[in-house]
Structures are given as C-alpha cells and as structure tokens.
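What follows is a short report on a single structure.
Only heavy atoms go into these numbers, but all of them, side chains included; no hydrogens, no water, no symmetry mates. Naming: A, B, ... by sequence-line order, numbering from 1 per chain.
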There are 2 protein chains.
Amino acid sequence: MTELEQYIKSYFGVVKQDELATIGSLFKSTTLHKGDYFLKTGQRCDKLSFIQSGLLRIFVSTENKEVTQWISTKGYFVTDISSLVFGGPSRWTIQTLTDATLYTINRTDYERIGELVPKWHELEKLFIVKCFTILEDRIFSHLSMTAEERYHFFFENNRELFNQVPLQYIASMLGMTPETFSRIRKKQIS
Amino acid sequence: MTELEQYIKSYFGVVKQDELATIGSLFKSTTLHKGDYFLKTGQRCDKLSFIQSGLLRIFVSTENKEVTQWISTKGYFVTDISSLVFGGPSRWTIQTLTDATLYTINRTDYERIGELVPKWHELEKLFIVKCFTILEDRIFSHLSMTAEERYHFFFENNRELFNQVPLQYIASMLGMTPETFSRIRKKQIS
DNA sequence: TTAACTTCTTGATATTTGTCAAGAGCATTG
DNA sequence: CAATGCTCTTGACAAATATCAAGAAGTTAA
C-alpha cells in the first residue's frame, strides 16, 4: 500500500479496498530535485500531487517582491486547485525547497477518476474543506492578530519547519518582513 | 424553477433536469428577519443555505472585540462548511444584517443528497473551490497590500455593499479599524 | 419631538511595522 | 583557500495603522 493509500485510509476510514487500489494506481510516483519547478505562474495546472516527502513553496512574484503564499509539506496535496478545476492560468509558482517525492495524477486521469472511483469526489471534498478551514483561520489571524501573535501561533504549530526552510519565506507567508520576523524571533529566544 | 436551480444551471450548464429538480426539492425556502441568528459560535452547523435575498454577516466575538470574517450576499451559499462536514462546533456566528430569504437543506438531507443526486459532490466541490479561490486571494491581499490597497480592491468589486451595511463591518473584514477605514474613504471621495 | 442609540468622522498621539543600509555568519564553488 | 552568494541580524529612521477621546450626523423608539 502506498503512503497515499495509507493516508486516505487513516483519514477517512471506510474506503473500499478496490477503490483505494484504483486511486493508488492512478497516482504515479514522481521525484523532483531541490529547486525544480512544479508549476509556474500563467501555466494551466494539469496535475494534482500528494507529497510523500519534501517541501514545496507556493509563491507569486510581483514587480518588486516575491510573496510566499504557503509551504506545502509531507502528507498534504499540492496543486493550483482553481487552475486544475476551472482550467484557467495558475496564479502561483510552485517550486521545491528540497528534493521531493510525490504521487502525481495528471489531468486526463484526474478528469475520469470520479467515474472510476465513485467516492472520489466526496473524498476530495473533504480534503478541500480541511484546507479551506486552514485558510479561514489564516484570514482570521490577519484580521485579529499582530505580527507577533501570528508568529507565535504559527511557531507553536509548525516548529519543525523553522529549521528546514529559509526563514524569510516563513516571514512572507505570515505577512511580515524578514526584519520584523528576525526581531520577533530574537525576543522569543531570549 | 427556483433561483437556486437557475443559479446551478447557469453556473454549471450540464446538469440533468431531474437532478436539478431533486436538488431544488431538498432545499426548502426559509425566511429570516433582520438580526436573526443563522448560527452561533459553538453550535454544530446542521444546515447549508443558498441566499436568495438578504445579507448575512459571519463574525467571531473575542474578549474585547468582534471580528467580521465575511458578509455573504445573494447568489452565494452560507454555512460553516467545516462544522457541517466534520461535525465539530462552529467557530463563527452568523447573523442577518437584513431580512433574508434562503433555500435551506438540513443535515439529514445534506447527508443523503449525494445518493439522490450522484453529481452533487462534484457540483459542491466546484462551489467550494470557487470560494477557496476567494480565500486565497484574500490571504494574498493581506500578504502584499496596504490597508488602502485592500480598501480599493474590495471597493471596486463590491461597491453596492458600501451603502447596504454598516461600514465598520467592512472595515473589520478588510483587517483595519473603523477609523482607518474612514480616513481612507475620505481620501477616495475627495 | 425629544431622548437614547448607533454609526461615522476627526484630531492628537502611541505603537507597530516597514524601509534602507550595513555587516556578520555560513555554505558553495572555482 | 579565497571569493561569491545567500541568509539573517541590527540600528536608525520613516511610514502606516491603532488607540483614545470627542463630537457630529443620522436613526429608532418612547
């Protein structure tokens, strides 16, 4: 059983063995090297990947600066869901921060997975709702917290990330400059 | 055909007439008066409603202040999706800002709508992805824009809302104080 | 109509956060 | 090894935004 199948099983419990196997067979193992691009802004996103290992950074480059939207980790899916579902150009660029192993389904298979695995749409909905909730919480954090509070909140829930990726990316993701991040961090350590 | 059915049809095109009718029959027309609560923080959310008319405010009350997460309008769904899907307590309170007419499905029917209308999960996924994209954009706006830029961006896309609801709620939703909102607004007008 | 509310505005001031510039610490590479 | 990049830190200062306090304007209700 692949990690993806195990993950789905542990997360949803009741999924028929054959459905699980079909899902597993449609997602092919792929590897990326550190720095490889998973997707670039403007491209149509034609794949959905489950991260078995590695870290991917989702960001946008604007005129003068780069904004990191999120860093995706092991056990989560990565894609531009809007582009995948509606077919428009991707807003994000997605690049690996480390070597990575993914299970990837291409657009063709993605578009027929619902026929092959009737339960797929429901499972997918659950994944999306889970991520939706994370986004809601992030917005709430911007409406009601200071930079320092956002830092602490994120740090408590994602300690391990702090010694795996350049901190400037975490700073950007939390909506502050590297300098502010550094000063908050200094306070916390001492 | 109810507005909900029309909306689904216009949005997705190819939905079988009988499926559409089944969906329409499961969502019952309900009305709320201005100030009524649709949902309170801590309750399990047991319904999903489509807004035919009216405005609903989604907010959280913390110790010292109230944070408006969003204002839902005609043509959109309203619920606490996370609570509805996973059954946990709702994080939000949802209250009408005006009299409102909704099409509402209760939990029992919601849990079996997928059996009655096989295409439901897929349609629902599309709705959720659409909202997901809005949330992503909102987060991006907090990572890369000033309060003033957020104001303009929102104003351009939601002018009509500005003379329908107390502006303090819009201010909160955009992550600024009513005072800052007022000053930005003054600049814009003059 | 008056009184009581609510909402919005304005000014003065404080706090938070950003910007700019410089340098330190490390890792990578020729 | 020296040189070159990254990344992070620090300080001085500027800009954005929040807070507090007061009042104006409009709305609701007795």
Could you tell me if the ring centre of A:His142 sits under 6.0 Å from that of B:His142? yes
Taking B:Thr96 for the side chain and B:His33 for the main chain, is one N or O donor matched with an acceptor at less than 3.5 Å? yes
Compute the ring centroids of A:Phe50 and A:Tyr7, then answer whether they are less than 6.0 Å apart. yes
Give the C-alpha distance, both sets of side-chain angles, the deciding distance and a yes or no for side-chain hydrogen bond (donor to acceptor under 3.5 Å, both in side chains) between A:Tyr103 and A:Glu5. CA-CA 10 Å; A:Tyr103 289 107; A:Glu5 291 172 49; over 6 Å; no
Please check if the number of heavy atoms outside B:Phe155 that lie under 6.0 Å from its CZ is greater than 12. yes
Under 4.0 Å from any atom of DNA chain D, heavy atoms only: list the residues of residues 142-170 of chain A that qualify, in numerical order. A:Pro166, A:Leu167, A:Gln168
Can you measure B:Met176 atom CE to C:dT16 atom C1' for me and round it to whole angstrom units? 16 Å
Quickly work out the A:Glu66 CD to D:dC6 C1' distance and round it to whole Å. 14 Å
A quick test of your reading: do over 12 heavy atoms of other residues, nucleotides or ligands sit less than 6.0 Å from OH of B:Tyr76? no
So which protein N/O to nucleotides 23-25 of chain C N/O distances come out below 3.5 Å?
none

In degrees rounded to 10°, what angle is found between the helical axes fit to the five outermost pairs at each end of the helix from C:dT1-D:dA30 to C:dG30-D:dC1? 40°
For atom CZ of B:Arg185 and atom P of C:dT7, their distance in whole Å: 14 Å
Hey, what are the protein-to-nucleotides 19-21 of chain D N/O distances that come in under 3.5 Å?
unit_1: D:dT19; atom_1: O4; unit_2: B:Arg183; atom_2: NH2; d: 3.0
unit_1: D:dC20; atom_1: N4; unit_2: B:Glu179; atom_2: OE2; d: 3.2

Among all residues two or more places apart in sequence or in another chain, which pass the side chain to side chain donor-acceptor pair (under 3.5 Å) test with B:Asp109? B:Arg112
Expected output: side-chain A:Arg57 to main-chain A:Thr93 donor-acceptor under 3.5 Å: no
Test item: A:Thr68 side-chain N/O and A:Phe59 main-chain N/O as donor-acceptor pair under 3.5 Å: no
Nearest-Å distance, NZ (A:Lys186) to P (D:dC8)? 16 Å
Output yes when a side-chain donor or acceptor of B:Asp99 lies under 3.5 Å from a complementary backbone atom of B:Lys34, and no otherwise. yes
Take atom CZ of A:Phe127 as the centre, draw a 6.0 Å sphere, and report whether it contains more than 12 heavy atoms from other residues, nucleotides or ligands. yes
Between the protein and nucleotides 28-30 of chain D, which nitrogen or oxygen pairs come in under 3.5 angstrom?
none

Working note: B:Trp92 + B:Phe38, criterion side chain to side chain contact (heavy atoms under 4.5 Å, CB included); need CA distance, chi angles, decisive distance, verdict. CA-CA 10 Å; B:Trp92 321 117; B:Phe38 175 86; over 6 Å; no
Nearest-angstrom distance from the residue atom CZ of A:Phe181 to P of C:dT19: 17 Å
Starting at atom NZ of A:Lys187, determine the distance to atom P of D:dG11, rounded to an integer number of angstrom. 14 Å
Is there a donor-acceptor pair under 3.5 Å between the side chain of B:Asn158 and the backbone N or O of B:Leu161? no
Kindly indicate whether a cation-pi arrangement holds for A:Lys130 with B:Phe86, taking the cut-offs as under 6.0 Å to the six-membered ring centre and within 45° of the axis. no
